[in-house]
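Encoded as structure tokens, the structure appears first; notes follow it.
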Amino acid sequence: MPAKNQHVVDLSLEALRVPGSVELRFYVPIAAALLLHLGVQYREPRSRPFFALWMLTNAALTYFIHDAWRLSPSASAGIVWQMNVVWVATLFTSMAIYRLFFHRLRHFPGPVYLRLSKWVMVYPDLRGQRPYMFQRYHRKYGDVIRTGPRELSVCDPAALSAIYGATGAAARCTRGPWYDFTVESTRVGARNLQSTPTMSDHASRRKVWDAAFSMKAIKGYEENILDNVNLTMSQISKREAEGPVDLGRWCSWFGFDVMGELGFGRGFDMVKKGKTAHEIHLLEQGVILIMASGNVPYIMSLVKDFPNPIRLFEEWIVKTLKVRVKEGKTGCVDADVFSYLLGESKARGNPQTFDELSAEAGLLIVAGSDTSSNAMAVTLYYLVKHPEYYQQVRDEVAAAFGEGHMADDFDKLAKECPFINACINEALRLWPPVASGLQRNTPPEGLTLPDGTYIPGNTVVSTMTYAMQRDPRNFSDPDSFLPRRWIDKLKEGEVFNQKAFAAFGYGPTGCIGRNVAYHEMRAMIARFCQTFDAKFAPGFDADAFQEGIRDCFVMVKPPIPVVVKTRKAYASMVV
Ligand code: HEM
């Protein structure tokens with residue numbers, strides 16, 4: 001029998017109806033929080049139904065208290081508010097204790113605050129600091145570190161095949177939660193090639209894309225790429241008297257125009273107009289949100305129905321694709337990427353729904369534009385910074401094509417210009433346009449890394465490209481731009497581990513557009529160095545530029561103002 005004055009917890013409806021009931025105010029929210037915490041171990045709630053249930057429960061509780069305790073509606077709401085505070089405090093405390101001391105990843109090293117919640121990454125991700133932070137943590141804690149409640153980051157090139165390879169446990173991995181978020185944050189809500197969760201579904205979907213990126217298909221894109229490079233040179237040349245040009249902007253306009261034309265036969269005319277199109281402004285605003293809100297996906301799926309840049313960009317994609325489907329291909333290229341995706345060349349067409357196709361269209365623009373344009377802009381930045389390399393590129397192009405002749409042959413650029421290729425690879429090594437890890441969910445049985453580290457099942461794991469590519473164990477003098485390391489034989493004591501170069505991803509999900517990207521980058525760099533003398537604008541701080549580079553899933557960078565002067569021998573080519 002309970003001792004006198006000892007409080008016995010009674011959760012019966014009768015006890016809860018007693019005005020001021022401690023059970024209702026404290027024990028119910030505590031129990032609800034603990035049950036919820038237990039439940040989410042098995043199944044994460046979807047944000048919208050969860051939010052709706054929470055609102056409904058609050059309304060029902062307010063009514064119950066008002067009715068049973070005879071309180072005014074505002075006083076009842078006040079009690080419910082208190083209950084919410086108890087509920088949230090219990091939930092957070094329970095989660096913190098579990099994540100710190102009982103979680104299956106508790107033995108992995110890493111900063112304590114990252115173990116607690118993904119919320120702590122929102123601010124650093126808004127500032128694009130993730131690669132720099134994780135690089136520091138890898139140096140401090142080791143090659144496998146805990147970077148989230150159920151998340152690990154790996155800085156070991158040998159792990160690439162174990163995580164992203166085509167066989168073994170890697171083939172049973174699924175894409176991580178960030179990819180689900182990219183789907184849930186859109187109104188269409190359809191998956192594209194990149195967000196297809198299982199590797200087997202991805203493989204069958206990728207077959208459709210493969211045709212659009214075969215060597216034969218790429219040959220069909222070459223003339224268009226050259227036309228766009230020439231137009232860019234002419235437009236820059238026309239503006240040389242107006243003062244410095246921003247190389248970053250011109251490369252970006254070029255990249256988007258090419259991708260619009262190769263993709264759907266409709267460019268953005270940004271190079272022609274010399275200004276950013278409205279829809280690309282939206283995309284630029286949207287991507288800044290993508291990385292940060294990917295930490296807390298429920299927020300984005302709550303706001304996706306309100307006007308926001310991602311939604312407006314998506315609406316533009318849907319509209320453009322409708323026009324593309326209705327009007328067919330234009331004369332930009334004989335067969336654009338969508339000719340293949342829509343199956344126009346085959347009698348039966350493509351079984352994908354329109355929603356899936358518009359998701360593919362969004363992927364093509366996002367994956368194919370900013371990536372290569374950032375890479376070519378950063379390569380040009382290093383060439384302008386190092387005039388001796390700039391001259392070397394020029395000499396190499398002159399030797400391959402002849403002085404005064406346009407660099408217009410993609411085979412020659414690939415085979416006879418090793419220094420250009422080395423400069424591109426070195427820029428991609430230092431500043432991979434997709435710098436942070438590509439998430440995978442480990443299969444239920446987990447996976448084992450080559451160094452013997454066992455990663456339990458249902459863990460989000462990724463390799464950290466930026467940190468691997470700047471690791472002195474993989475590349476000597478890793479922070480310096482040294483293109484010759486890609487060409488010269490190694491001297492004694494030097495390290496060059498090409499396996500650590502993962503700028504295009506790895507394995508079956510690696511970049512499908514890599515060859516198109518190299519085409520664009522080689523042509524742009526060769527033609528720019530041929531055509532212009534270039535130096536940084538007075539006052540431009542070249543080192544501060546690097547400090548300003550941010551990783552928002554794609555790279556966001558400060559302007560690169562450059563003073564250009566068209567060379568006489570090439571003036572006739574830029575009219
Ligand atoms: C320097 C330029 C580029 C870099 C560094 C780059 C990098 C990457 C990376 C790291 C991935 C893997 C992403 C992931 O698994 O989530 C990827 C995938 C992809 N890239 Fe690229 N990319 C570049 C250019 C391009 C271009 C020009 C195109 C299109 C013409 C393109 C189209 C794609 C597509 C469609 C995927 C998804 C592949 C899949 O999931 O199977 N990329 N890229």
Side-chain angles (χ1 to χ4, degrees), residues 160 163-164 166 170 173-183 191-199 201-210 212-214 217-218 221 224-225 228 251-252 254-264 290-291 294 333 336-338 340-341 359-379 421 424-425 427-440 462-466 468-469 501-525 551 553-555:
L160 284 165
I163 299 171
Y164 305 105
C173 282
T174 52
R175 305 263 196 181
W178 183 84
Y179 294 92
D180 296 334
F181 155 74
T182 61
V183 180
R191 291 189 179 268
N192 57 34
L193 173 71
Q194 194 195 22
S195 54
T196 307
T198 65
M199 295 304 127
D201 285 350
H202 171 268
S204 54
R205 195 139 173 188
R206 180 133 167 169
K207 280 191 195 126
V208 183
W209 279 74
D210 278 339
F213 290 90
S214 65
I218 293 176
Y221 306 149
N224 178 273
I225 295 176
N228 276 294
C251 288
S252 164
F254 164 79
F256 277 108
D257 278 357
V258 169
M259 212 31 60
E261 290 177 14
L262 298 189
F264 331 92
I290 290 258
M291 185 89 154
V333 279
D336 55 30
V337 174
F338 260 82
Y340 298 95
L341 297 192
E360 304 287 35
L363 167 65
L364 185 66
I365 292 293
V366 176
S369 307
D370 260 344
T371 44
S372 36
S373 59
N374 273 319
M376 68 184 86
V378 172
T379 311
N421 290 294
I424 293 172
N425 285 340
L428 282 169
R429 183 187 70 78
L430 285 167
W431 296 106
V434 183
S436 298
L438 309 163
Q439 294 179 343
R440 291 290 180 273
S462 58
T463 53
M464 178 38 80
T465 308
Y466 178 84
M468 277 191 319
Q469 296 189 170
F501 180 69
F504 290 98
Y506 185 93
T509 55
C511 181
I512 201 168
R514 181 186 179 128
N515 292 327
V516 175
Y518 273 111
H519 263 30
E520 291 178 65
M521 295 186 290
R522 287 174 188 136
M524 175 62 110
I525 287 153
D551 173 36
F553 194 71
V554 292
M555 182 199 290

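Along the sequence shown, residues carry numbers from 1. All ligand and atom numbering here is 1-based and tracks the order in the structure. For the numbers below, each heavy atom of this structure counts, side chains included, while hydrogens, waters and symmetry mates do not.
- Atom 40 (O) of ligand 1 has its closest protein heavy atom at Arg175 NH2, 3.0 Å.
- Scanning the protein heavy atoms around atom 37 (C) of ligand 1, the nearest turns out to be Leu193 CD2, 4.1 Å.
- Each protein N/O/S atom under 2.8 Å from atom 21 (Fe) of ligand 1 was counted, for a total of 1.
- For Met259, the heavy-atom gap to ligand 1 drops under 4.0 angstrom.
- Ligand 1 lies out of reach of Arg205, whose nearest heavy atom is not under 4.0 Å from it.
- For the residue pair Asn228/Asn224, the side-chain donor-acceptor check at 3.5 Å is satisfied.
- For ligand 1 and Leu438, the ligand atoms under 4.0 Å from any heavy atom of the residue are 12 (C), 13 (C), 14 (C), 15 (O), 16 (O).
- For ligand 1, the atoms lying closer than 4.0 Å to a non-hydrogen atom of Pro433 are 5 (C).
- For the pair Arg440 and ligand 1, the shortest N or O to N or O distance does not fall below 3.5 Å.
- The contact set between ligand 1 and Ala503, taken as ligand atoms under 4.0 Å from a residue heavy atom, comprises 5 (C), 7 (C), 10 (C).
- Nearest to atom 13 (C) of ligand 1 among the protein's heavy atoms is Gln194 NE2, 3.6 Å.
- Panel note: side chain Tyr164, backbone Leu438; a donor-acceptor pair is recorded below 3.5 Å.
- Near Arg206, meaning under 4.0 Å from any of its heavy atoms, are these atoms of ligand 1: 38 (C), 39 (C), 41 (O).
- Using a distance-only test at 3.5 Å, with no hydrogens or angles considered, no donor-acceptor pair links the side chain of Arg205 to the main chain of Thr196.
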**Asked** Does the pair Thr463 and Tyr506 meet the rule for a side-chain contact (heavy atoms from CB on, under 4.5 Å), with working shown?
**Response** CA-CA 10 Å; Thr463 53; Tyr506 185 93; over 6 Å; no

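- Against a heavy-atom cut-off of under 4.0 Å, Tyr179 is close to the following atoms of ligand 1: 14 (C), 15 (O), 16 (O).
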**Request:** Begin from the C-alpha positions of Arg440 and Ser462 and carry the test side-chain contact (heavy atoms from CB on, under 4.5 Å) through to its verdict.
**Result:** CA-CA 6 Å; Arg440 291 290 180 273; Ser462 58; over 6 Å; no

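- The CD atom of Gln194 lies 10.0 Å from the CD atom of Glu360; values are rounded to the nearest 0.5 Å.
- Ligand 1 has at least one atom lying under 4.0 Å from a heavy atom of Trp209.
- Side-chain N or O atoms of Ser372 include one that pairs as donor or acceptor with a backbone N or O of Gly368 at under 3.5 Å.
- In this structure a side-chain-to-backbone donor-acceptor pair under 3.5 Å is present from Ser204 to Asp201.
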**Message:** Using the rule given for side-chain contact (heavy atoms from CB on, under 4.5 Å), can you reason through Leu428 versus Phe501, listing the C-alpha separation, both sets of side-chain angles and the distance that settles it, and then say yes or no?
**Reply:** CA-CA 9 Å; Leu428 282 169; Phe501 180 69; 3.8 Å; yes

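- When atom types are taken as modelled, the side chain of Glu520 and the backbone of Ile225 share no donor-acceptor pair closer than 3.5 angstrom.
- For Ser195 (side chain) and Arg191 (main-chain N/O), no donor-acceptor pair under 3.5 Å exists by modelled atom type.
- Using modelled atom types, one finds a donor on one side chain and an acceptor on the other under 3.5 Å when comparing Asn425 with Tyr518.
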